[in-house]
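In what follows, every chain begins at residue 1, and chains take the letters A, B, ... in the order their sequences are listed. Since the model is a prediction, treat every value here as computed from it, not as a measurement.
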Amino acid sequence: MVIKNLFSRRTASALLLTAASATGSQLASAELFNTGKVLATGGVSMIDGAGGGGITPWATITGYATRDGINGDVHYTYANLPNYALNSLGVAVGFWDRFELSYTKQILTTGSTFNTVGLVTDTTSSAGGGAAGEATTAGGEGDESTNPGIEPFNTTIKMDVYGAKIRVFGEAIYDSDNLIPQVAIGAFYKDNENTDLLKTLKANKAKDWEAYISATKIFFPINTLINITARYTSANQTGLTGFGGPDGNEKEIRPEISIAYLLRKDTAIGMEWAQHGDNLTGESVQLGSVDATEAGPALQATGLGGLSGTLTQDESDWYDAFIAYFPSKNLSITAAYAMLGNITITPEQHGFYLSLQASF
Amino acid sequence: MKSTLRNIVISGAIALATTNSAFAQTGQTRTLPGLDSDALEQWGGEEGIRNWVESLFYYIMLDNRINHIFREFGNIERQIFLNTQLEQLVLGGDVEYQGASMEAAHADLGITVTQFNAVVEAAYNACERINVTYEACNQLIAALAPYERVIVTK
Ligand code: HEM
């Protein structure tokens with residue numbers, strides 16, 4: 001019935017659109033464009049671009065459109081971690097409070113993290129034997145197949161994220177007299193450009209999809225929103241360091257939870273947790289044909305040993321604590337403290353996160 | 001995983017079955033979780049509710065998205081009187097509601113969810129206007145929200 005409804009609505013709107021294009025675009029925008037949701041109930045944009053919290057997609061459809069129309073938003077998110085900076089810039093559109101489409105470009109600058117490794121590979125490969133020892137075999141300058149994808153400075157990871165989400169059943173907001181949550185299913189397709197670096201990190205794939213199911217409910221008597229998501233994925237650090245590991249690319253179900261407390265009609269605070277995998281945990285960094293652990297003595301000899309004590313990778317679950325402020329339906333500002341733990345070879349990646357969403 | 005999902009669905013179904021009575025406007029709305037036992041006191045009782053309903057209609061009539069509906073089909077004085085009864089009732093007040101059911105009152109109006117939400121925004125503005133706390137305001141929001149299922153017909 002819902003599906004039928006949706007289709008008749010869509011057909012009706014499509015007809016309207018056709019009619020409107022004949023009589024002028026004014027009518028089309030009046031009929032299709034909609035900002036009828038109550039302030040803040042469209043949520044914010046999570047880093048992958050879907051409507052949700054900060055790191056977790058929710059069952060809510062992005063933007064301020066009710067089932068009477070369409071609304072979209074653009075978002076920019078910046079997270080500043082000790083060894084990385086994440087920039088995420090994207091656009092998303094919600095259709096009839098039923099489905100949403102999103103596209104996001106993520107740019108992760110790795111700061112000093114890989115600079116040393118990059119320098120060592122550069123140095124060892126050009127220095128020939130001597131101090132570089134075994135690591136020389138990793139060099140192969142100009143040889144594409146052994147390019148570690150790490151520049152001496154400013155190695156940058158870029159990823160395109162395409163998202164789609166469809167609301168399946170339930171009411172997050174109005175049905176305060178039952179516990180049935182609003183449920184949506186969605187998927188991302190992620191295309192990481194840095195195939196060389198991902199090889200170095202021993203990830204199995206640079207492009208992959210992930211799917212999720214989310215359940216969201218607002219409990220007005222206690223001013224609280226709860227979202228529970230199960231994501232089916234093999235991502236390492238959401239795909240920023242690829243998918244899968246040396247043992248292959250098996251997807252698994254990972255839970256994520258967001259809890260928000262509504263302080264005012266325009267302000268919410270909360271916390272999130274997202275379980276991460278361990279595909280690359282315990283793996284060293286692969287520099288061409290040689291493991292970086294074997295190059296350890298070389299790193300020591302070149303005076304670059306103190307990188308992080310180890311070149312062994314690790315991955316932690318992600319946590320964040322946030323405050324989201326909605327000054328109007330056109331803008332939301334989310335500030336958070338992100339606790340991302342171990343990222344590749346660097347521990348304790350905790351730092352501030354700022355996300356802006358403009359709705360149009 | 002499967003059994004917890006089934007539990008959620010079952011408890012949801014029970015909740016649905018037990019709260020149908022809310023639509024007959026005979027008592028407090030059974031929300032999950034439940035309303036504060038002193039919800040009506042947080043509102044300052046009958047007088048607080050009437051102040052809110054009056055400012056609610058002030059904001060409704062200022063909103064060009066919906067005021068035309070009330071101008072054409074409404075009877076503001078009667079609606080203020082009846083809403084003052086209804087809002088006390090759904091918060092647990094011991095009063096009688098003398099108006100039509102929500103289904104009957106709104107059946108012919110073709111109200112959209114966008115228009116319903118405009119009234120919700122007026123409701124929050126009215127709470128702020130009469131200095132009812134956001135938390136107390138959400139008690140009433142929770143108590144009235146399920147009426148969306150019968151009021152929105154378009
Ligand atoms: C939970 C939200 C709402 C509540 C609690 C509510 C409550 C009421 C009540 C108590 C009445 C009087 C019934 C009677 O005369 O016996 C009424 C009538 C009316 N309501 Fe609502 N209402 C709600 C939402 C809306 C919305 C969203 C609209 C339009 C945008 C609307 C428009 C009207 C109109 C025009 C009437 C007068 C109908 C008539 O006299 O024939 N109401 N409502």
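The two atoms that bring B/Leu32 and A/Asn178 nearest to each other are CD1-CA, 4.0 Å, heavy atoms only. Pairing each heavy atom of B/Glu121 with each of A/Lys329, the nearest pair is OE2-NZ, 2.7 Å.
If you measure heavy-atom distances from A/Tyr261 to chain B, the contacts under 4.5 Å come from the side chain alone. With a threshold of 4.5 angstrom between heavy atoms, A/Ile218 does not approach chain B through any atom at all.
In the displayed structure, B/Arg65 atom CZ is contacted under 6.0 Å by more than 12 heavy atoms of other residues, nucleotides or ligands. In the displayed structure, A/Ile185 atom CD1 is contacted under 6.0 Å by at most 12 heavy atoms of other residues, nucleotides or ligands. Within 6.0 Å of atom CD in A/Glu250, 12 or fewer heavy atoms from other residues, nucleotides or ligands are found, so the atom counts as exposed in its surroundings. The environment of B/Gln98 atom CD is dense: over 12 non-hydrogen atoms of other residues, nucleotides or ligands sit within 6.0 angstrom. B/Ile80 CD1: more than 12 foreign heavy atoms inside a 6.0 Å radius. Summarising the local packing, CG of B/Asn75 is surrounded by more than 12 heavy atoms from other residues, nucleotides or ligands at distances under 6.0 Å.
In the model, B/Asn138 has no side-chain atom that pairs as donor or acceptor with a side-chain atom of A/Lys265 under 3.5 Å. If you check the side chains of A/Asp177 and B/Tyr147, you find no donor sitting under 3.5 Å from an acceptor.
Expressed to the nearest 0.5 Å, how far CG of A/Asp175 lies from CD of B/Glu148 amounts to 7.5 Å. Taken to the nearest 0.5 Å, the CG atom of A/Asn223 stands 6.0 Å off from the OH atom of B/Tyr134. B/Glu135 contributes atom CD, which lies 8.0 Å from atom CG of A/Leu263 (distance to the nearest 0.5 angstrom).
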For this session: Decide side chain to side chain donor-acceptor pair (under 3.5 Å) for B/Asn117 and A/Tyr174; before the verdict, give the C-alpha distance in whole Å, the side-chain angles of both, and the deciding distance to 0.1 Å.
Result: CA-CA 10 Å; B/Asn117 287 347; A/Tyr174 304 107; 2.4 Å; yes
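Looking only at heavy-atom pairs under 4.5 Å with chain B, the residue among A/Gly36, A/Pro221, A/Gly69 that has the most is A/Pro221.
Within residues 104-116 of chain B, the residues having any heavy atom less than 4.5 Å from a heavy atom of chain A are, in residue-number order, B/Thr112, B/Val113, B/Thr114, B/Phe116.
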